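Data first, discussion second: the structure below is written as structure tokens.
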Amino acid sequence: MTTHLAPATTAAAETGTGTPERACARCGISGRYPGIAFDAAGICDLCTMYERHGTEIDAYFGDVERFVSLVRARSAERGSDVDCLLLYSGGKDSSYVLYRLIDLGLRVRTFTFDNGFISRTALRNVETITSELGIEHVTATHADQDRVFLRSLQQHKSVCNGCFRSLLDLSTRHAHDLGIPTIVTGLSRGQIMDERLSWFHRRGIFDPAEIEPGLREGRRVYHQSGGDIAPEVVDSVEVVDYYRYSDVTKDGIRALLHERSDLWAQPGDTGFCSSNCMINDAGVLVHTRERGFHNYEAPTRWEVRLGHLERAEADEELRMPAATPRVRKMLMRIGYPLPEAGTVRPGAGAPAAERTSPAVTTVSTSDADSTADGHRTPLTPAQRQVLARAGNTPGRQGRALLLEAKAPADSALARRSTLALLLHHEALRLRFAERDGEWEQYDAGVSGALPVLRLDASGRDTPAEAGLLRAAVDRLRSRISLTDGPLLQLALVDRGPLPARLLLVVHELLADTRSWRTLLRDLSALWAAGGETPLPPTESFLHRAAAVAPGAADRFDQPGPGPARSPAADADAREPVRIRVDCGAPASATRVAAALSAVLADLGDEPGVEVLDHTAEDGPRGIGRWSLAQAPSSGAPALIRYEHFGDLAALLPADSPFALVAADEADFTVLPGTGRDTVTVSGVVRQGVLHLDWWCPPGRRGRLLAAAVPERVARRLTAATDSAAP
């Protein structure tokens with residue numbers, strides 16, 4: 001394998017505030033870039049990954065003949081008179097592509113998006129070169145692009161996210177309307193590596209056959225989550241990156257333009273990282289000042305690794321632009337205040353670093369230094385207990401809740417609402433890492449495809465829909481990863497003309513009952529408002545967790561997994577003995593715990609009962625409120641764990657557009673492994689009736705049933721209710 005890396009040297013760079021920082025000794029990537037790590041020689045982990053997997057990574061890229069074959073095959077299949085629509089900005093990269101497409105004999109149309117800040121020189125390049133080549137061309141604009149830029153800066157601290165969305169939405173519709181089957185982009189290989197492939201590479205996926213379906217699905221999600229483009233429109237147009245199939249360097253691009261055209265001119269009114277857009281400098285300035293690193297850092301450094309750019313030239317491109325009067329004027333025009341120098345806000349909870357996903361464009365992440373030591377927070381004792389109870393299934397501890405909407409399924413609404421929740425709630429962006437045997441948590445931001453699935457239950461009868469839900473809960477839990485996320489999963493259940501249902505699965509480590517109320521309040525508000533509405537401020541989950549100091553004497557400060565068990569034993573342990581008790585009124589956690597302790601005492605057992613009251617406000621230990629109703633004097637583990645959930649309908653606000661659906665297939669109280677090592681009882685109140693579900697390991701089931709323990713507890717609770725009645 002041949003790697004194209006600069007020689008290892010001692011590297012030191014300067015941030016926008018003049019503070020010395022670490023940089024990779026090879027590619028020069030800044031140590032401020034989120035998640036970057038260096039080895040003892042000062043080499044970044046991305047350079048190391050490319051050294052190890054360069055052959056596999058390079059396999060994704062092809063040659064120009066392959067590109068021509070793909071484009072022509074699609075146009076022949078569709079019977080189109082035009083082979084492709086080139087996204088043409090008038091800059092050097094897309095101008096080079098245009099000349100090459102013509103040289104290759106392809107039938108081309110061009111499409112330019114004028115965002116209101118395109119260089120006049122770039123627009124002249126578009127006009128003169130398309131006229132010279134006899135190319136049919138269209139220039140499109142967005143009626144409210146300044147507002148798009150403002151929202152993009154507010155959410156991503158970059159103008160590129162909003163601009164690229166407008167470009168792709170408009171060009172996709174245009175290509176579909178004209179029957180053009182392929183859109184060609186001029187994304188550089190560095191951008192392809194960062195925006196298309198890094199999401200897969202971080203997960204050890206290098207096979208193009210596995211990557212391509214993910215990219216297609218990501219593109220579909222991307223369009224539907226941010227606009228109203230129908231899936232059939234998106235699917236009718238393929239997006240192909242020309243530089244995936246061309247290994248030309250920056251010098252090669254400049255040489256061809258110099259040779260082929262006297263008409264193309266290098267714009268002199270753009271920044272270092274763009275040869276066509278003026279507002280790019282304003283976006284870079286905001287991102288660098290507020291996030292602490294350049295938003296072109298990752299793709300530009302990939303150009304160095306791939307041998308397309310010298311490191312010194314990359315350093316020059318990544319200089320932070322000055323706050324010139326022109327930059328200030330552009331920001332003033334769109335209504336965004338210029339941040340002062342030195343205003344980097346690590347850990348502020350707002351999106352901070354560009355990450356990539358299988359979508360066509362990047363999705364912003366949070367906390368520029370989220371993976372730095374100073375921004376990781378230890379788990380609370382209650383969170384540690386969740387992991388200890390999880391045993392071999394720590395990633396599957398997600399509670400499921402089924403809601404019913406008032407209207408049929410709307411995928412775009414589900415995606416918009418989910419994205420808004422992820423951007424607003426720090427807790428939903430948490431990731432967990434184990435270091436020296438201790439778990440820590442940090443805000444990793446929003447990255448990857450939106451965690452939204454669509455389930456087709458239209459025309460299914462009740463048993464078939466129940467089976468679909470049961471399988472969906474298991475599938476959503478399996479998609480949760482503590483280290484890679486996300487810890488929220490949502491499935492939109494399409495029931496045809498019937499009201500749609502939403503299946504939510506959220507990991508136990510980040511959502512107590514109070515958090516669920518907040519989450520459902522905000523989801524309800526977003527759903528009622530079409531997916532976009534201002535949400536009330538929320539407190540920092542990490543700050544709240546950091547304030548919880550784990551005490552050595554804390555009964556529930558027990559790190560480490562539980563004992564391993566065979567799958568057969570776990571399956572047997574999940575068979576419940578279900579007792580439903582009509583108390584006439586909701587029973588408190590204290591009353592149920594007292595009844596459990598009394599029955600144990602009657603049977604001659606030490607009355608050890610652990611209680612987790614999910615309805616309580618956060619106690620000193622973090623998630624929920626743990627307590628010991630009565631501890632066994634021997635110090636042995638408690639015989640019974642009681643978890644009290646109260647009235648689940650109260651999780652929804654009074655004006656919610658959803659109704660809670662009680663379904664055994666999506667039982668909020670059930671987690672995988674329940675009752676594996678300790679008898680576990682869960683209590684839920686529905687319409688004034690307390691339902692107790694009993695779960696126990698196989699070795700204790702016989703004695704539980706022989707002693708009629710569930711029935712004894714039921715009688716005590718019923719008697720207590722009767723005696724309390726007037």
Side-chain angles (χ1 to χ4, degrees), residues 380-383 385-386 389 397-401 506 508-509 511-520 555-556 576-600 607-631 637-652 660 662 664 666-671 673-676 678-696 704 709-721 724:
T380 66
Q383 288 177 309
Q385 181 68 8
V386 169
R389 287 164 48 206
Q397 302 300 293
R399 295 202 181 275
L401 194 70
V506 180
E508 179 79 342
L509 284 174
D512 57 9
T513 307
R514 185 178 72 169
S515 300
W516 269 97
R517 289 194 192 99
T518 302
L519 174 67
L520 294 175
R555 165 67 178 81
F556 296 100
V577 179
R578 175 165 290 173
I579 302 297
R580 294 189 171 180
V581 183
D582 185 356
C583 299
S588 67
T590 303
R591 271 183 55 200
V592 178
L596 290 168
S597 298
V599 170
L600 289 178
V609 179
E610 298 177 343
V611 179
L612 176 55
D613 186 357
H614 293 270
T615 67
E617 291 297 317
D618 281 354
R621 297 178 179 86
I623 295 181
R625 177 169 292 168
W626 286 92
S627 63
L628 279 172
Q630 287 186 325
L639 293 178
I640 293 180
R641 175 184 293 118
Y642 176 61
E643 297 196 31
H644 187 73
F645 295 90
D647 190 347
L648 294 180
L651 294 176
L652 288 167
L660 185 68
D664 290 340
D667 192 331
F668 186 82
T669 70
V670 176
L671 291 174
T674 296
R676 182 182 55 211
T678 303
V679 176
T680 301
V681 184
S682 59
V684 177
V685 175
R686 299 189 183 100
Q687 298 180 339
V689 177
L690 174 65
H691 302 271
L692 295 183
D693 285 351
W694 292 71
W695 306 76
C696 58
L704 180 83
V709 173
E711 290 81 359
R712 288 170 180 255
V713 173
R715 286 197 295 270
R716 280 188 173 271
L717 287 170
T718 302
T721 301

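Just so we're clear, the structure is a prediction, and the values are computed from it rather than from any experiment.
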Q | Working for side chain to side chain contact (heavy atoms under 4.5 Å, CB included), residues V679 and V709 | A | CA-CA 11 Å; V679 176; V709 173; over 6 Å; no
**Q.** side chain to side chain contact (heavy atoms under 4.5 Å, CB included) between L692 and L717, intermediate numbers included
**A.** CA-CA 11 Å; L692 295 183; L717 287 170; 3.9 Å; yes
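Residues forming a side chain to side chain contact (heavy atoms under 4.5 Å, CB included) with T590 (at least two apart in sequence, or on another chain): S588. The side chain to side chain contact (heavy atoms under 4.5 Å, CB included) check on V685 picks up P586, D647, L690, with sequence neighbours excluded. Residues meeting the side chain to side chain donor-acceptor pair (under 3.5 Å) test with R399, sequence neighbours left out: E508, E643. Residues meeting the side chain to side chain contact (heavy atoms under 4.5 Å, CB included) test with A666, sequence neighbours left out: A400, L402, V473, L503.
Two residues are said to be in side-chain contact when any heavy atoms from C-beta on lie closer than 4.5 Å; D693 and D667 meet this criterion. No side-chain heavy atom of R641 sits less than 4.5 Å from a side-chain heavy atom of L612. Residues F668 and V684 form no side-chain contact, since every pair of their non-hydrogen atoms from C-beta on lies 4.5 Å or further apart.
Annotation for F645 and S682: closest pair CE1-CB, 3.8 Å, computed over non-hydrogen atoms. Shown here for A662 and R686, the closest heavy-atom pair between the two residues is CB-NE, 3.9 Å. Across every non-hydrogen atom of L660 and A649, the tightest pair is CD2-N, 3.6 Å.
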